[in-house]
Each structure stands twice: as C-alpha cells, then as structure tokens.
Amino acid sequence: MSTTFGLSTVLGYPRIGGNRELKRAVEAYWAGTIDEDTLERTAATLRADVWQTLRNARLAAIPSNTFSYYDHVLDTAVAVGATPTRFTALGLSKLDTYFAMARGVDAEPALELTKWFGTNYHYLVPEIGPDTVFAADPAKALREHAEARALGIETRPVLVGPATFLLLAKGDDPFARLDDLVGVYAEILAALADAGVSWVQLDEPAYATDRGPDEIDALRRAYSRLGALRARPKLFVATYFGEIGDALPALLDTPVEAIGLDLVAGPGNLDRLAAAGPLGGRTIVAGLVDGHNVWRTDLRAAVAAGAVVAGLADHVAVSTSCSLLHVPVDLSVETRLDPGLHERLAFARQKVDEVVLLGRALRDGTAHLPAPLPPPPAAWRHDEVRARLAALTAADRRRGDSTARAARQQELLGLPDLPTTTIGSFPQTAELRGARAALAAGTLDDEGYTALMRAEVRRVVRLQEDLGLDVLVHGEPERNDMVQYFAEQLSGFAATEHGWVQSYGSRCVRPPILHGDVARRAPMTVGWATFAQSLTTRPVKGMLTGPVTILAWSFVRTDQPLAGTADQVALALRDECRDLEAAGIRVIQVDEPALRETLPLRRAAQGAYLDWAVDAFRLATSGVADDTQIHTHLCYSEFGDVITAIDALDADVTSIEASRSKMEVLDDLAAAGYRRGVGPGVWDIHSPRVPSREEMAEALRHAVAAVPARRLWVNPDCGLKTRGYAEVEASLRHLVAAAAEVRAG
C-alpha cells in the first residue's frame, strides 16, 4: 500500500453545502443584497466544513480546489488565463468577470453551456482561439490549499487536466495550443510546489470516450512534459466515467506517480491494467465506490476487485469512481424514507465511509465489513405492469405518416408560419415556493394550495394572450421539478427531503430514487391542462417529461436493464397522453432533454442505447391519434451524435437549444434530412440578459435559411422557471415581435 498517497481518497465532494448555503449566497450576491466579502466568508465556511468532514471520516488523502462558485471547468479556464477578451474588455472585477462568463451580461452573451459527459451537471465551454493568451493564475488553488493547511489539513489541489480542457473547449483544432497550455500548467505546478503542495490531481475524463491516435498522443506528450519538470508536486491523473482504453498505456509511458481508474463504469479498466505489464511503482487509485448513484456499494465485490489491483500494483488507494459532486450530501438527514430503502442507500458522506472501509479491508481483511443486504422487497414488484409490457407489439410504438399528420394537425390548429410558444414553465416566484412549503408544513390545505396555483395559471394564460403567443402553456406553477413532480405520483419512486444535487451554477435539483416497478396511480397533469385550456381559445400544450429524462435525472435501480425500466415509465406516460387527448388537449409536449446526455460515452454501446431510448419515447407517444400534435424538447447538449435518433423519435415538433451555439444544430438537422417541425431556441434563458428584438430576428433569419418557415417554430431555449417575470415579459415581447417581423419578410 502507498504510504505517500494513503489508502483512501475521493475525487471530489459536493460544494453546495448541506442546506444549499452556496446557492443562497451566490444568488444574494447577484441580487446585490450581500457583497463579495460576505460571499467569500460563506464560501470559506463551506470549504472548511468539507475538509473537516473528510478528515473526521479518516480519509487518508483529501482534495481541495474542488469548490466552485459556478463551475470547475470555468475555474480552470480562469486558472490558465482562458478568459475571452470580450469579457476582460468589460472592465469588471475579477469575480464579476467570472460571473459574466457564466451568466452573460447585457453587452455579452455567456459562454456556451452543455452537459458534463453522461451526467446532469452542466459545464461552461471554454473558448480558445489563436488569439487566446494563456497565463497562469494559481491564486484560487493556492488560497484553498493554504486555508486547509491553516486547519491542520494537507490537501491535494484539483484541476481539469490540459488534454481534457482542450477537448472540451470550443475551437477549430483542440490541440493546436497544447504546447502553450502545458507551459502554463507547468507554471501552476511550480507555484504549487513552492507552496509545499505534495500532490496535484489533474482530471482527464475525456479519455473515457472514443479517442483517436492523435488525441492519445496529446495526452502522452502533455504528461511526459509535466512529469519531466523538476519543480512540481507528484501528479495524480484521474480518469473516470468509463474505460480509458489506449489512454492507459499512454499514461504509463509518462512519469506521473498515480493514475485513477473508474472500476464501476469501466470494469474493463481492470483487464487493461492486468495487460499493461509492470507499473513501475505507481499508485493505482481504484474507483470502487460509485460516485454517480446512491446505492450502497457491494463491499465484498469491491474488495475482490481491489485485491486484483493490489496484485498488479505496488501501491493502491481506494477511491470513488468519480467526484461525489453528482450525489446528495448526507443520507442521515433523510428521516422520512422507508427503512427498507434507507438501508440500501449511501450519499456522499456515507460513500466516504465506504471508501475508508474498503481501504482498511484491503489492508486488514474483510472481518469488519457489514453483512450483505437482503433481496429487494416483493412489494417493489408490479406484475400487472410487467404483463402489459410483455403483451406489447411493434404497432404500439408507431404512428401514421408524419406528412399526413402535419397536414391534419395544421387543419385543426390553424397556426401561422413561425408559430410562437414557450417550452413549458414560467417563473417559480417566491410566492409559489412559499405556498409549496406551507402545504408541506401543513399550514396550507390542499384546497387553499389549489386555489393559489389556479390563480397563477390564470395570470400566466392572460399574460401569454397579451404577449400574442400562438400555443400556450399553463406555466407549471404546481410543479417542484420536471422529474420529481412525476416521480411523486408514480409507484416505484421515492423522493428525498434534502437530497439536493448541483445541476449548474446555483441551480440544484433533488433527483428521485427509482427503486421498484413503475406504475401510474392516477392522471397526473390532466386537471391542470384542461383548466388552462378552459381559459383560452388558443391551444394549450399538455406538458410531460419523457421516459429517458425521468431515468437520467433520477437515481435508478441497477438490478434490471435500463431499457426495461424506461418502458415501464413510458407505459405510464402513454396512459397520461391518452387521457390528455381524451380531455381535449390537442398538443402534448413530452420533453427529452436528457436524450444526448445519457448516450454511452463509447460508440460501440451507443446504438443499443438509442434503440431502446427511441422505443421508449415512441411507446409513450404513439397511443394518441395522428391529429394530436406531439412535441418534444432537447437542450444543452451536442446534438450531432443523436440527430438520427431525434428524427427516429417521430415527434411532430422538436424544440432545441440553439442560442448559445448560434443555430449550429440546424445544419446537422438539414444534413440528416430532418423534415418535421423544429423550434431552435432564440433566447438563452440561462442568462439574465434580455435579448433584443433585432437579435432574435437575426437568429430567426439564419434559421429560416436552413428550415422552411412553415416548419419553423419560435421559442426560448428552455423553460422559464429560473427567470424573473420582468425579464420574461420583455424577452417574450421581443420574441413575438421578431417572429412577426421575419414572418412579414
């Protein structure tokens, strides 16, 4: 076992605080109710709490510089000087420049936002071009290391590694600037070494995806050069989210002292390690505890895998498979979960204990490990759902010809060219959140809550009519979250009270836990949709979340294939679509924003995934008549890999994030021969800036050049729940005006 690295570590830890203290502080700073010093004091307290928690858990090696005000990729961009000149020219403070890159300002849109590999975390895409002047700025990493040392805790600073950073960045040739960037990393490492840092963690998750020889060689060149530095800490290159293939021998060709391998999502890494030959005294950091799900680790199986690693390497440490950023903070505060479920779970704090237990077991044996869990309860099984699924045929996933459908739908709906709509949600105001909290606390009864929500629906419908939107929504005031809302009404799911996970910036979600067979107990959305439709003569969309997204944004059972679980969810949604149609709702939107994020990182597995993902969506949506218009929505992903699947979904209209990427997705759709309705977003709702009518009209003209106006819809990038009404009203007025301008030629 390694005496320099220790027996146990984690690759990262949640940074939002047990009660989302960071979210509240950051949003207070944005609102101007606290200053930068107050924000920093809150942040320092949160960092200290995490380090002390990990020390008290007897974790042997503790990471630092994993804290972030918004995003760790953005933090690395700042550390290497990759701040675009359009932001430095604003003349803002360092912190406000950082937030301008994340959120945009009136003068400049934000950096592009997209998903972090196969997770629901969003990172900000660095912008790198020939004119980018890299410059080392290790201040944040140095400050956090010094803070921890003042508490008597030695830490290991963490940065995104240079190869992954370039592969994530926006630019023509990702490695054209590799030598320049590695030189800046060398300066950062030298500064850390001068401060007495012993180890540095450089994350290279991009190598869990398919990489060609040039990309593998770039990894080798980067770490050969960094490893050859005289003045540097020891280097721990962490890989995660899957198997790294040829990247492993490339790293073994370099002088790095430790390599992290995900043995949960990438069990094949173990075979590759065995075939690698002598490891040259390196530490292998074995990712044996799942950092991306909440189920307890099978400790004995994990020890067996760890023992294989120990037989191959001179030094072994146990770790999480990836950062614990992706799971809630602490299971111990969940007092309302069923005991039979509670005993099967582990959140971040409990996963640290598992890592420590496994490290000890590899050294001392397994006598101290707890007993294995019993089989899942029989009550979690639903035989009627299983029988319905077994009886399905291919016809249950098929609708009529899309061209004929479109003609019939247009005849019924009578929409203009470039019809305007929104994605679904309207702002979740403090009053709405307060009403939901009062309902949960028992100080507001169901009747009073429903009355308040109906009043909000009336307001939203009147607003949309005043704005001139063509297809309306009810605004979803009653929904806490687009997945949790449905999970709370379906069997097989459990909701947490405090299980918050960061999605992006200050946005946090509480993923439900899918532990058993899924069945719909009763209609879930029909009452709200029909109430809204009763208030207007314009069509109102029924709003559902699709089966793939419900799975992707939940912590899902691992005891059966995902395809079977997706079909169970799809069957419940199929029944909901039919009930909406029977109630007179002629437009139904089934959102699948997670279609791309759930795509396996390796191409060899992507075809099978897309087959079952498309099948599940079509099962959910093919029970309605051809004259009912089915919409879907996808956002904040790179869509090129799933264009064929988007077409195969067979939705009548697909709305897609496009504003930050400047409508790039339309070229992909055109190249794929997509012939259905499409709504490329013309307003980036993840930024507080209000785009002008001219800006939106310009985007629409670009879109009309790629898609005929009769098939083009006009909408924001995503739902509006995180925005305020002042910016929503102004932006939607501009959106409607831009559509009218382009429609008129």
Side-chain angles (χ1 to χ4, degrees), residues 10-26 46-47 49-54 56-57 59 63 66-68 71-72 115-116 118-122 240-241 264-265 287 289-297 319-356 437 440 480-488 492-515 549-558 594 597:
V10 296
L11 301 190
Y13 199 79
R15 56 210 185 200
I16 58 175
N19 294 305
R20 293 180 294 159
E21 294 92 339
L22 180 62
K23 168 190 173 66
R24 295 186 177 91
V26 167
L46 292 174
R47 292 191 290 266
D49 286 347
V50 167
W51 296 325
Q52 289 165 337
T53 293
L54 298 180
N56 294 342
L59 195 70
T66 58
F67 176 86
S68 178
D71 167 48
H72 56 274
K115 296 296 179 72
W116 178 247
T119 75
N120 187 32
Y121 179 79
H122 306 58
Y240 43 88
F241 294 143
V264 176
V289 172
D290 192 349
H292 195 206
N293 211 331
V294 295
W295 302 104
R296 269 182 50 180
T297 303
S319 180
T320 49
S321 62
C322 61
S323 171
L324 294 172
L325 168 71
H326 308 293
V327 296
V329 176
D330 192 351
L331 179 65
S332 68
V333 298
E334 300 295 337
T335 59
R336 297 183 183 177
L337 289 174
D338 178 86
L341 176 60
H342 195 285
E343 69 176 354
R344 298 173 184 277
L345 302 177
F347 292 178
R349 177 63 189 83
Q350 290 69 42
K351 288 179 182 291
V352 172
D353 288 339
E354 290 185 329
V355 166
V356 173
N480 44 20
D481 175 80
M482 65 182 292
V483 171
Q484 183 182 344
Y485 175 78
F486 292 97
E488 290 176 345
F493 283 90
T496 65
E497 296 176 80
H498 309 287
W500 296 101
V501 176
Q502 185 182 22
S503 178
Y504 64 88
S506 67
R507 170 75 170 139
C508 301
V509 295
R510 274 188 298 154
I513 299 167
L514 198 169
H515 58 82
T549 299
I550 287 179
L551 263 61
W553 296 354
S554 301
F555 295 118
V556 179
R557 62 192 295 187
T558 57
E597 83 177 44

>> Please determine whether side-chain contact (heavy atoms from CB on, under 4.5 Å) holds for the pair R15 and L46, giving the CA-CA distance in whole Å, both sets of side-chain angles, and the decisive distance to 0.1 Å.
In response: CA-CA 7 Å; R15 56 210 185 200; L46 292 174; over 6 Å; no

> Tell me, do R336 and T496 make a side-chain contact under 4.5 Å, heavy atoms counted?
Replying inline: no

> Would you say V264 and V289 make side-chain contact, with heavy atoms under 4.5 Å?
Replying inline: no

> Of all heavy-atom pairs between S554 and V483, which one has the smallest distance, and what is that distance?
Replying inline: OG-CG1, 3.6 Å

> Could you give the distance from CG (D49) to CD (E21), rounded to the nearest 0.5 Å?
Replying inline: 8.0 Å

> Which atom names give the shortest non-hydrogen contact between V327 and G291, and what distance separates them?
Replying inline: CG1-O, 3.5 Å

>> Pair K23, W500 - check side-chain contact (heavy atoms from CB on, under 4.5 Å), show working.
In response: CA-CA 11 Å; K23 168 190 173 66; W500 296 101; over 6 Å; no

> Relative to each other, are the rings of Y504 and H122 parallel, tilted or perpendicular (30° and 60° limits)?
Replying inline: perpendicular

>> Give me the atom names and distance for the closest heavy-atom approach of T549 to A594.
In response: OG1-N, 3.1 Å

> Nearest heavy-atom pair of P14 and V50: which atoms, and what distance?
Replying inline: O-CG2, 3.9 Å

>> Using the ring pair (Phe, Tyr, Trp, His ring centres under 6.0 Å) definition, which of the options Y13, F67, Y121 pairs with H72?
In response: Y121

> So E488 and Q484, side chain to side chain donor-acceptor pair (under 3.5 Å) or not? Walk me through it.
Replying inline: CA-CA 6 Å; E488 290 176 345; Q484 183 182 344; 2.8 Å; yes

>> Looking at every non-hydrogen atom in both residues, tell me the closest pair between D338 and G340 and how far apart they are.
In response: OD2-N, 2.8 Å

> Between CG of L11 and OG1 of T66, what distance do you get to the nearest 0.5 Å?
Replying inline: 10.5 Å

>> Could you check whether any side-chain heavy atom of R510 comes within less than 4.5 Å of a side-chain heavy atom of D481, counting everything from C-beta outward?
In response: no

>> If I take atom CD1 from residue I550 and atom CZ from residue F493, how far apart are they, to the nearest 0.5 angstrom?
In response: 6.0 Å

> Which heavy-atom pair separates D290 from H292 by the least distance, and what is that distance?
Replying inline: OD1-N, 2.8 Å

> How long is the gap from CD1 on I513 to CZ on R557, to the nearest 0.5 Å?
Replying inline: 13.5 Å

> Is there a donor-acceptor contact under 3.5 Å from the side chain of W295 to the main chain of V556?
Replying inline: yes

> Has the side chain of K115 got a donor or acceptor atom that lies under 3.5 Å from a matching backbone atom of N120?
Replying inline: no

>> Between T320 (side chain only) and V10 (backbone N and O only), is there a donor and an acceptor less than 3.5 Å apart?
In response: no

> Going through the distances and angles, do F347 and H498 end up as a ring-ring contact (aromatic ring centres under 6.0 Å, His included)?
Replying inline: CA-CA 11 Å; F347 292 178; H498 309 287; over 10 Å; no

> Rounded to the nearest 0.5 Å, how far apart are OG of S321 and CG of N293?
Replying inline: 9.5 Å

> Distance-only, no hydrogens or angles: does the N480 side chain make a donor-acceptor pair with backbone N or O of Y485 under 3.5 Å?
Replying inline: yes

>> Can you tell me how far apart CZ (F241) and OG (S323) are? Round to the nearest 0.5 Å.
In response: 8.0 Å

> Does R20 reach the main-chain N or O of I16 with its side chain, forming a donor-acceptor pair under 3.5 Å?
Replying inline: no

> Is the closest basic N to carboxylate O distance between D71 and R507 below 4.0 Å?
Replying inline: no

> Residues in side chain to side chain donor-acceptor pair (under 3.5 Å) with T558, at least two apart?
Replying inline: none

> Which of these, R296, K351, H342, E343, sits in a side chain to side chain contact (heavy atoms under 4.5 Å, CB included) with L331?
Replying inline: H342

